[in-house]
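One structure below.
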Amino acid sequence: MKFKNSNKLYKKGLKNLVGAVNSPVRAFSSVGGNPLFIKKAKGSKIYDVDGNEYIDLVVSYGPMILGHRHKSVEKAAKKALKNGYSFGASTEAEIKLAKIVCDAFPEMDKVRFVNSGTEAVLSGIRLARAFTGKDKIIKFSGCYHGHQDALLVAAGSGLATLSLPGSKGVPEGAVKNTLIAEYNNLESVKKHFIEHDDIAGVIIEPIGGNMGVVIPQDNFLKELKDYLETKGALLIADEVMTGFRSKFGGAQELLGVTADITCLGKVIGGGFPVGAYGARNEIMENVAPLGGMYQAGTLSGNPIAMAGGISTLSELKKQNPYNRFEEVGSILEVILLETAKKYNVDLAVNRFGSMMNPFFTKSKVTNFEEAQTSDTEKFGIFFWEMIKNGVFLPPSQFEAWFLNSAISDKDIKVIAKAIDKAMLTVSKM
Ligand SMILES: *Cc1c(COP(=O)(O)O)cnc(C)c1O
């Protein structure tokens, strides 16, 4: 397999782009080698600029849940394009998408559209503070909530449990109201409530997806919600990754827990830039123009992006692919585990519906600390072997693999073969 054109573009890109990328994980830093440049994609497949074909298990980190260039999405976006790109005024499409979203989340009466998951979460946090009149927010180490200052602490970095900024350029003052707890450990949340009386809420990825996939144990989320109610603090569900993916109603529907504020992104735009945050009326009425919490956006509710979202979610509802995701996911999980056993490679596989990933470790992985026991060098070898055998994976041990509804039984066979070859190579290290 040749990467000549990708390598050429990479060198060219270095001149005027930072690291030749616009988002760091695309730089392949944690797996070595140069990033691939993509030319096009269709259905379950993606093609790089050297003409190599891959089965795509990245799907843009989740949004392309129907596979690439789904007919009805493409048609809807083209139709919207003909009417103009942006108006700085409201359109009917926003009302339509808002209804689909609010119907999917029973506790959500109103929603506000923004342009990214980062924006959705930073607004959701502001709203929790506006509603409760309190400043502090608890987050879990290993959970990622976008790149806003206040939440760039223990966000999949090595600074877990310390309230220190996980990025240069984030002043300590910006994270002084951020408290860190451990995933799957309610006591670590309670401890903060004993020490502080100004906690507005707790933000969580209801299924962890940014430290690799980490699953909430037993009744962790339910108990967390019940506990927060006794404290008058809000549960903020960051469903940017899980919304419309775990189930149509997100992880909340799957796990039977309802959050006070829900943040959405990724699938909601079907590949176009859409984020959203929503809650019951009593909470949302704090947002301008109804209330005193300011939040705005020149391109928010963009008509092309709304068309992408409406058509993606409508098609998703029609297809109802969640049982199929479960089926395909469990097949891949078994293949990973059996192949690892066959070649004597230590492997843990975490999976929740259509999100999964293998960790090269003996340990069980239930939190960020355990995720970090994974041998990332092995993952790097595994990653490149998968690429060479026609499977595009996220270039990081700590990113989830995402299924899409265009994956066929034939694709599964190709993935299985690639896993076998890659695991063999890893076993020879
Ligand atoms: C991707 C992600 C975000 C950030 O969304 P962007 O669109 O990249 O800004 C926030 N929270 C979670 C859980 C995510 O997976």
Side-chain angles (χ1 to χ4, degrees), residues 21-27 57-65 105 112-128 137-157 166-167 178 183 201-216 221 235-246 250-252 254-255 259 261-278 295 297 299-300 302 305 308-309 312 350 352-357 368 371 394-403:
V21 296
N22 280 304
S23 195
V25 75
R26 297 180 198 162
L57 294 182
V58 182
V59 288
S60 190
Y61 294 90
M64 312 310 300
I65 196 166
F105 291 86
R112 167 65 59 84
F113 292 116
V114 293
N115 304 292
S116 70
T118 295
E119 244 189 288
V121 177
L122 83 83
S123 310
I125 295 281
R126 186 179 300 153
L127 179 56
I137 299 287
I138 298 177
K139 85 174 277 288
F140 295 93
S141 77
C143 283
Y144 176 69
H145 303 291
H147 67 85
Q148 64 160 311
D149 282 1
L151 296 183
L152 269 185
V153 199
S157 80
S167 162
T178 310
Y183 207 83
V202 174
I203 182 154
I204 188 165
E205 288 180 66
I207 299 164
N210 285 287
M211 45 182 153
V213 175
V214 171
I215 297 160
L221 282 176
L235 180 64
I236 308 155
D238 180 352
E239 293 233 40
V240 170
M241 189 182 279
T242 50
F244 308 103
R245 174 165 281 286
S246 307
Q252 293 174 63
L254 190 63
L255 301 167
I261 297 175
T262 299
C263 305
L264 296 160
K266 297 193 168 114
V267 173
I268 198 178
F272 297 89
V274 182
Y277 63 100
Q295 183 275 312
L299 294 176
S300 294
N302 173 272
T312 297
N350 281 1
F352 220 80
S354 65
M355 288 160 53
M356 63 191 296
N357 75 309
F368 186 49
S396 163
Q397 167 70 85
F398 303 107
E399 298 283 349
W401 304 3
F402 297 102
L403 300 182

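In this chain, residues are counted from 1 in sequence order. Quick caveat: nothing in here was measured; it's all calculated off a predicted structure. Start at 1 and go down the list; that is how both ligands and their atoms are numbered.
Note: L299 CG to N115 CG = 6.0 Å, rounded to the nearest 0.5 Å. Between the OH atom of Y61 and the CG atom of N210 there is a distance of 10.5 Å, given to the nearest 0.5 Å.
Q295 and R126 share no donor-acceptor pair across their side chains, judged by distance under 3.5 Å alone.
Each of the following atoms of ligand 1 lies closer than 4.0 Å to a heavy atom of D238: 10 (C), 11 (N), 12 (C), 13 (C). Residue Y144 approaches ligand 1 through these ligand atoms, each under 4.0 Å from one of its heavy atoms: 11 (N), 12 (C), 13 (C). In the vicinity of M241, heavy-atom distances shorter than 4.0 Å reach the ligand 1 atoms 15 (O).
E239 places a side-chain N or O within 3.5 Å of a backbone atom of Q252 that can act as its donor or acceptor partner. At least one donor-acceptor pair closer than 3.5 Å links the side chain of N357 to the backbone N or O of Q397.
Annotation: G117 places an N or O atom under 3.5 Å from an N or O atom of ligand 1; distance criterion only. Between E205 and ligand 1, not a single N/O pair is under 3.5 Å apart. Checked by distance only, ligand 1 and K266 come closer than 3.5 Å through their nitrogen or oxygen atoms.
Among all protein heavy atoms, the one lying closest to atom 9 (O) of ligand 1 is T118 OG1, 2.6 Å. Counting protein heavy atoms only, atom 3 (C) of ligand 1 is closest to V240 CG1, 3.7 Å.
Between G209 and E205, the shortest heavy-atom contact is N-OE1, 2.9 Å.
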